[in-house]
Amino acid sequence: MSISREVDNDIEQYRPHITGGDLYILEVDGIAVSMAKITRQSQNVAGIGYVYTPPYLRGKGYASSVTAQISELCLDAGKKSCVLYTDLANPTSNSIYQRIGYVPICDSLDIKFEHRT
């Protein structure tokens with residue numbers, strides 16, 4: 001398995017993110033199987049997001065691998081930590097992230113305010 005920045009024309013819209021160094025595609029035998037993106041960075045912290053593996057390729061460790069690899073790239077580049085946001089209703093992604101070293105910090109809540117007339 002390797003992280004690639006090469007894509008074919010079918011996903012040309014993502015090329016600026018890949019060549020910009022923030023979107024990574026995990027390839028197996030030359031086939032893109034998963035992706036993740038560095039979503040935001042500060043001096044000491046990198047955010048990881050957009051982790052995705054097509055449904056027919058899930059369960060093979062691809063999302064774990066790409067997330068761990070780009071987290072390691074960020075840490076090797078001098079970031080003190082990496083963070084990601086995950087849906088508490090998705091136990092699969094939560095267990096994956098904890099297995100590769102992420103720890104839960106806090107829960108969030110969406111609140112919608114409506115204007116009453």
task = Would you sort out whether L75 and K80 count as a side-chain contact (heavy atoms from CB on, under 4.5 Å), showing the intermediate values?
result = CA-CA 6 Å; L75 296 172; K80 293 187 180 0; over 6 Å; no

inquiry  = Please tell me whether L23 and Y52 are part of a single hydrophobic cluster in this structure, the criterion being side-chain heavy atoms less than 4.5 Å apart.
reply    = yes

Spacing of CD1 belonging to I38 relative to OH belonging to Y24, to within rounding of 0.5 Å = 4.5 Å

ask   = Heavy atoms, side chains only, cut-off 4.5 Å: are P104 and Q98 in contact?
value = yes

query = Only one of T86, D87, T67 clears side-chain hydrogen bond (donor to acceptor under 3.5 Å, both in side chains) with S93; which?
reply = T86

query = Of the non-hydrogen atoms in R99 and S64, which two are nearest, and what is the gap between them?
reply = NH2-OG, 4.3 Å

Nearest atoms (heavy-atom pairs only) where M35 meets I25 = CB-CD1, 3.8 Å

ask   = Is there a side chain to side chain donor-acceptor pair (under 3.5 Å) between Y102 and S71 once you walk through the steps?
value = CA-CA 10 Å; Y102 282 87; S71 298; 2.6 Å; yes

key: Taking every non-hydrogen atom, the tightest pair across V45 and K79   = N-CD, 3.9 Å

note = Looking only at heavy atoms, the pair that brings Y62 and L57 closest together is CD1-O, 3.6 Å

task = Evaluate side chain to side chain donor-acceptor pair (under 3.5 Å) for T39 paired with Y85, printing each intermediate quantity in order.
result = CA-CA 10 Å; T39 57; Y85 184 85; over 6 Å; no

query = So, R58 side chain and T53 main chain: donor-acceptor pair closer than 3.5 Å or not?
reply = yes

ask   = In Å, rounded to the nearest 0.5 Å, how long is the span from SG of C82 to CD1 of I100?
value = 9.5 Å

query = When hydrophobic residues are tied together by side-chain contacts of less than 4.5 Å, even through go-betweens, does L26 share a cluster with Y56?
reply = yes

note = I48 and V51 have their tightest heavy-atom pair at CG2-CG2, 4.3 Å

key: From I111 atom CD1 to L109 atom CG, the distance as rounded to the nearest 0.5 Å   = 4.5 Å

ask   = Quick check: are there more than 12 heavy atoms from other residues, nucleotides or ligands sitting under 6.0 Å from CD of E72?
value = no

query = L84 and L73: same hydrophobic cluster, using ILVMFWY side-chain contacts below 4.5 Å?
reply = yes

query = Do the side chain of S95 and the main chain of P91 share a donor and acceptor less than 3.5 angstrom apart?
reply = yes

S108 side, atom OG; D110 side, atom CG - distance, nearest 0.5 Å = 6.0 Å

